[in-house]
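One structure is given below, encoded as structure tokens.
Read the numbers this way: they start at 1 and go in the same order the structure lists the ligands and their atoms.
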Amino acid sequence: MENEILARVNAQEVATLIQELVQIPTRNPPGLEKVGAEFICQRLQQWGIQAALVPEPYEDRPQVWGRVDGGAKEPTLVLNGHMDVVPEGDVTQWTYPPFEGRIANGRVYGRGSSDMKGGLAAMMTTARILNEIRERLRGTLILQFAVGEETAEPGTKRLLLSQGLRGDYGIVLEPTALRVATAEKGLAWFRVTLQGRPVHGSVAEQGINAIDKAMRFISEIKSYNQRISQRAHPLVGCAKCSVTMIQGGTKENVIPESCWVILDRRINPEEQVDTVEDEIRSILGGLASEDHDFRYNLERTTVYDSAEIPTDAFLARVVRKHAARIGGISQEPYGTLFSTDVRNLINDAGMEAITFGPGEPNQPHTFNESIAIDDVVTCIKVLLLTAQELFMGR
Ligand SMILES: [Zn+2]
């Protein structure tokens, strides 16, 4: 029976589907997922799969859900992917036009091919095949096609929480080269504004130089970064804090009245973002208590929480086993340094969820982004065998 199911995967059809998805330029920003959402929803419906658009959180940027009901309801497996892609950048840097979806050398080229239209094609094809054999399944498959992943918007979160599209197990199909990731690093961005008092440059000592205050703060951040680098996680490495942007001053001969710096803080699964913010606040508070002219404002602008499940969780073991057998993929525990919506499945919906998908993790957001068709085919086979094990209790 296993071979019978796997024989339903057709590499040519998979390649064409990835190509069709790449040809829809779902750029975000500005948030052009709509045509992609309509395409996915219609295609699922043509295949006889229950599917609908979700006009939430934005009416003009619908999300999509799909569903395959087996003969019994439990357990439920959720497959998640995002439809948006980052902008293509300088088109002249691309060998093939970024939204042509050129197939060459066993790969599909184009913006979003690996991040993550290959993953979407895997989700859709898996659902098509499971739908064909649904009377044999003892469980439910749910598909989530989210908006706004690239810009930290609450697409997946809404599908899980207000649409109730949750389950026992979840797989986010971001590119991991088919490694099973049970942990992911989070990140937070902070904007710290230092305030000064502007005077003419010729009487600098009478003013307060906001850039001087920023330098003082940055040197404290350097030692903070050394301290937190001791916090190492076995799968995602060290916590980090870097100054990534700075701007200050108004004119050559004016002592700067303000200066802001941006901190990029990489958060390990055992850290909490509120605690991290407290740490930065206490550095600022320490500087202010030593120096009455040290005035500041701290703002947290973006957060992607870290997330983690046990490396030996049932779903992780099942997927690892099939990925090793079908694709020769390493079974070593693995975590991602980048953030995915798996944090919403784990932290917000309390699900046992992993990140596992086709495509090399160094492809996203590059010129000439591409994905190997074989990788997507292998992914589909692993998903089918995983569903078979979860739903048919082999
Ligand atoms: Zn992605």
Given the Zn ion (ligand 1) as the apex, I'd like the angle to OE2 of Glu174 and NE2 of His82, rounded to 10 degrees.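 Output for this angle: 80°, rounded to tens.
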N, O or S of Glu150 under 2.8 Å from the Zn ion (ligand 1):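 No - counting backbone and side chain alike, Glu150 has no N, O or S atom under 2.8 Å.
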Hey, is there an N, O or S on Asp115 sitting under 2.8 Å from the Zn ion (ligand 1)?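 So Asp115 does bind the Zn ion (ligand 1) by this criterion.
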Could you check if a side-chain atom of Cys241 sits within less than 4.5 angstrom of a side-chain atom of Ile228, using non-hydrogen atoms only?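 Yes. Closest side-chain heavy atoms under 4.5 Å.
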Linking I/L/V/M/F/W/Y whenever any side-chain heavy atoms sit under 4.5 Å apart, do Phe99 and Val91 land together?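 Different hydrophobic clusters.
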Counting only N and O atoms by type, is there a donor-acceptor contact under 3.5 Å from the side chain of Asp84 to the main-chain atoms of Glu149?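 Looks like yes, one N/O pair under 3.5 Å.
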Any donor-acceptor pair under 3.5 Å linking the side-chain atoms of His82 with those of Glu174?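 Yes, because at least one side-chain N or O of Glu174 sits under 3.5 Å from a partner of the opposite role on His82.
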